[in-house]
Undergrad: 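Pasting in a structure now, in structure tokens, and then I'll have a few things to ask.
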There are 2 protein chains.
Amino acid sequence: MEQTADATPWAGRDARARERAAKREAVLRTAAQFFNARGFHATSLDDVAAALNVTKPTIYHYFASKDEILFECTRRGLDNIAGAARDAALRGGSGADRLRQMLTAYAHVIVADYGICVARTQDHQLSPESSARFRALKREIDGLIRQVIAEGAADGSLEVRDLRIAAFTLTGALNGLANWFDPAGPASADQVIEATVATLMDGMLP
Amino acid sequence: MEQTADATPWAGRDARARERAAKREAVLRTAAQFFNARGFHATSLDDVAAALNVTKPTIYHYFASKDEILFECTRRGLDNIAGAARDAALRGGSGADRLRQMLTAYAHVIVADYGICVARTQDHQLSPESSARFRALKREIDGLIRQVIAEGAADGSLEVRDLRIAAFTLTGALNGLANWFDPAGPASADQVIEATVATLMDGMLP
DNA sequence: TTGGCATGTTACCAGGTAGTATAGACGCTA
DNA sequence: TAGCGTCTATACTACCTGGTAACATGCCAA
């Protein structure tokens, strides 16, 4: 994947940029884990800094505000979902096949660090600007899902009463996974996700 | 319903108790609305007090802590859900009929003030003791739902792969309603709930 | 009348945390 | 060697808000 054959300790040039990006990522990962474990407000940047063996001003060297950190966490989660959804949309098969793929990919992201941030973050935790971008990204994903559902309805592989409500119902159920699924529990993520998606596709009736 | 023909402004005796209870309820209602609009942490008790034309110590005359206020809000929501669920469980009809009733009742509560509190409150916002009670109440409701699903599976009116996952999927989708349903939107609560429950029961496949 | 309970108020404290000012250390470049 | 940009720490401020102490008022019961 990477051809970084640094044979010299003098990394030089753009290696600096790579390190900076890596440190940004480290801050985000750690922050996301704290947010998920304790909640956004209950997490102080001193906590995050301490976990990374640095101090708070160091974090402010990489991010402008706590709000930016939370937003970047959710943006990564939403980007992951959107990417997976686009991939699924481009696959072959019926609308139903692609919807199943899309829901499965969505679920896999939503139970990971950044995905949990997405599911748990509420608008009013972000600044007005970040909140607007956050909602815009979510709307984009919603559009992708509705499109696949519509295609499924058109090709007869899905049966839909209300496009909007169907999409919200599906994403709502998957977001719920972020709140109750426990990786340390009895069932693996794959098993839980497979069963959840099957429940949504098949419904409760025989 | 009430035979309180107070012909005198001196209410006396147990009327005091009723007033006290009414004031407690008023605090909870107002607090719940603030929590839902701005979030728990972003709502100060001064805000709530001001909206009620009193001051903060007055609120502390009725509640011991902010934690207690949040917990009582969620408790009311959960009690409403549990009550509705028990009613539905006692109705006649197949398991599928009763499940549909139960989900519909659940949804009606979850889009109201206290229900939104339930859906949005996360464990770490409550004290350890309140959190434990909160989870216990939720577990109880989960048990009611699983029981009806199991009965539906037994009488053949439902088809279930995994009881636990099915219950979580259903409640997750309904909890999502609290986050996106807008009473001022184009569709009424009844319509949205009916379509959501139908989607869950029937699934996406034809 | 007197004491006690319920209800409120004004004024205040304490703790925690986002964010900053300042200065030092390191490595690269000229 | 001089100097610049990057990165980090110490020490601090500002502010908000949960919670409390002390006091005022009025109703009720003995």
Side-chain angles (χ1 to χ4, degrees), chain A residues 6 8-28 30-31 34-35 37-73 124-130, chain B residues 6 8-28 30-31 34-35 37-73 124-130:
Chain A
D6 332 65
T8 156
W10 293 274
R13 311 183 199 291
D14 52 12
R16 314 281 296 185
R18 244 182 298 136
E19 266 191 34
R20 184 180 174 85
K23 288 178 180 175
R24 267 180 73 97
E25 287 309 312
V27 171
L28 290 179
T30 304
F34 270 93
F35 293 162
R38 303 187 187 177
F40 176 67
H41 275 284
T43 298
S44 83
L45 293 187
D46 281 321
D47 294 334
V48 178
L52 291 163
N53 291 319
V54 292
T55 56
K56 190 166 54 174
T58 298
I59 292 185
Y60 277 92
H61 186 74
Y62 294 92
F63 296 93
S65 65
K66 196 183 180 189
D67 171 77
E68 183 184 342
I69 295 176
L70 177 58
F71 174 72
E72 284 297 315
C73 286
H124 43 67
Q125 291 176 312
L126 292 161
S127 70
E129 301 77 35
S130 298
Chain B
D6 333 64
T8 155
W10 293 274
R13 314 185 194 287
D14 52 11
R16 314 280 298 185
R18 245 181 298 135
E19 267 191 33
R20 184 180 173 85
K23 288 177 180 174
R24 266 181 72 97
E25 288 307 313
V27 171
L28 291 179
T30 304
F34 270 93
F35 293 161
R38 302 186 187 178
F40 177 67
H41 276 284
T43 299
S44 83
L45 293 187
D46 280 322
D47 294 335
V48 178
L52 292 164
N53 292 319
V54 292
T55 55
K56 189 167 54 175
T58 298
I59 292 186
Y60 277 92
H61 187 73
Y62 293 92
F63 296 92
S65 64
K66 195 183 181 187
D67 171 77
E68 184 185 341
I69 295 177
L70 177 58
F71 175 73
E72 284 297 315
C73 286
H124 44 67
Q125 291 176 310
L126 293 161
S127 71
E129 302 77 35
S130 298

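All of these numbers come straight from a predicted model, not from anything done at the bench. Every heavy atom of this structure was used, including side-chain atoms; hydrogens, water molecules and symmetry mates were not. Chain A is the first sequence line, chain B the second, and so forth, proteins listed ahead of strands; every chain is numbered from 1.
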Undergrad: Report yes if a donor N or O on one partner sits less than 3.5 Å from an acceptor N or O on the other, where the partners are the side chain of A:K56 and the base of C:dG19; otherwise report no.
TA: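 Looking at the base of C:dG19, it does pair with a donor or acceptor on the side chain of A:K56 (distance under 3.5 Å).
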Undergrad: Just by distance, do the side chain of A:R38 and the backbone of B:H124 share a donor-acceptor pair under 3.5 Å?
TA: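 Such a contact is absent between A:R38 side chain and B:H124 backbone.
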Undergrad: Quick one: pull up OH in A:Y60 and CD in A:E68 and give me the separation to the nearest 0.5 Å.
TA: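 So the OH of A:Y60 and the CD of A:E68 are separated by 10.5 Å.
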Undergrad: With B:F63 as reference, evaluate B:V27, B:L70, B:L45 under the side-chain contact (heavy atoms from CB on, under 4.5 Å) test and give the passing residue.
TA: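 The option that passes is B:V27.
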Undergrad: Would one find a side-chain N or O of B:T58 under 4.0 angstrom from OP1 or OP2 of C:dT7?
TA: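 False: B:T58 side-chain N/O out of range (4.0 Å or more) of C:dT7 OP1/OP2.
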Undergrad: Send over the distance from A:Y60 OH to C:dT17 P, rounded to a whole Å.
TA: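 Computing the A:Y60:OH to C:dT17:P distance gives 12 Å.
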Undergrad: Across the strands shown, which category fits B:Y62 at heavy-atom distances under 4.0 angstrom: base, sugar-phosphate, nothing?
TA: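 Touches sugar-phosphate only.
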Undergrad: Going by heavy atoms closer than 4.0 Å, what residues in residues 39-52 of chain B are next to DNA chain D?
TA: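 Nucleic-acid contacts, sorted: B:T43, B:S44, B:L45.
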Undergrad: Looking only at the side chain of B:H61 (C-beta and beyond, no hydrogens), which of the listed nucleotides D:dT10, C:dT7, D:dC7 gets closest?
TA: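 It is C:dT7.
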Undergrad: Any side-chain heavy atom of B:K66 sitting closer than 4.5 Å to one from B:F40?
TA: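 With C-beta onward as the side chain, the pair touches.
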Undergrad: May I have the distance from B:R20 (atom CZ) to C:dC5 (atom P), rounded to whole angstrom?
TA: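 In whole Å, C:dC5 P lies 14 Å from B:R20 CZ.
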Undergrad: Rounded to the nearest angstrom, tell me the gap between atom CZ in B:R38 and atom P in D:dC16.
TA: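 Answer to the nearest Å: 14 Å.
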Undergrad: Starting from P on C:dA18, measure out to CD on A:E68 and report it in whole angstrom.
TA: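 So the two atoms are 15 Å apart, to the nearest Å.
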Undergrad: Check every atom of D:dA9, C:dG19, D:dG18 against the side chain of B:K66 and return the nucleotide holding the closest atom.
TA: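 Minimum distance to the B:K66 side chain belongs to D:dG18.
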Undergrad: Just wondering, do A:L52 and A:T58 contact through their side chains at under 4.5 Å, heavy atoms?
TA: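 SC-SC contact between A:T58 and A:L52 ruled out.
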Undergrad: What integer distance in Å separates B:E19:CD from D:dG26:P?
TA: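 Checked: the CD to P distance equals 16 Å.
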Undergrad: Side chains of B:E25 and B:E72: does their closest heavy-atom pair fall under 4.5 Å?
TA: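 Side chain of B:E25 against side chain of B:E72, heavy atoms only: no contact under 4.5 Å found.
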Undergrad: Which is true for B:K23 with a 4.0 Å heavy-atom rule: it touches a base, it touches only sugar-phosphate, or it touches nothing?
TA: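 Sugar-phosphate contact only.
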Undergrad: Short question: side chain of B:K56, backbone of B:S44 - any donor-acceptor pair under 3.5 Å?
TA: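 No, because the side chain of B:K56 does not come within donor-acceptor range (under 3.5 Å) of the backbone of B:S44.
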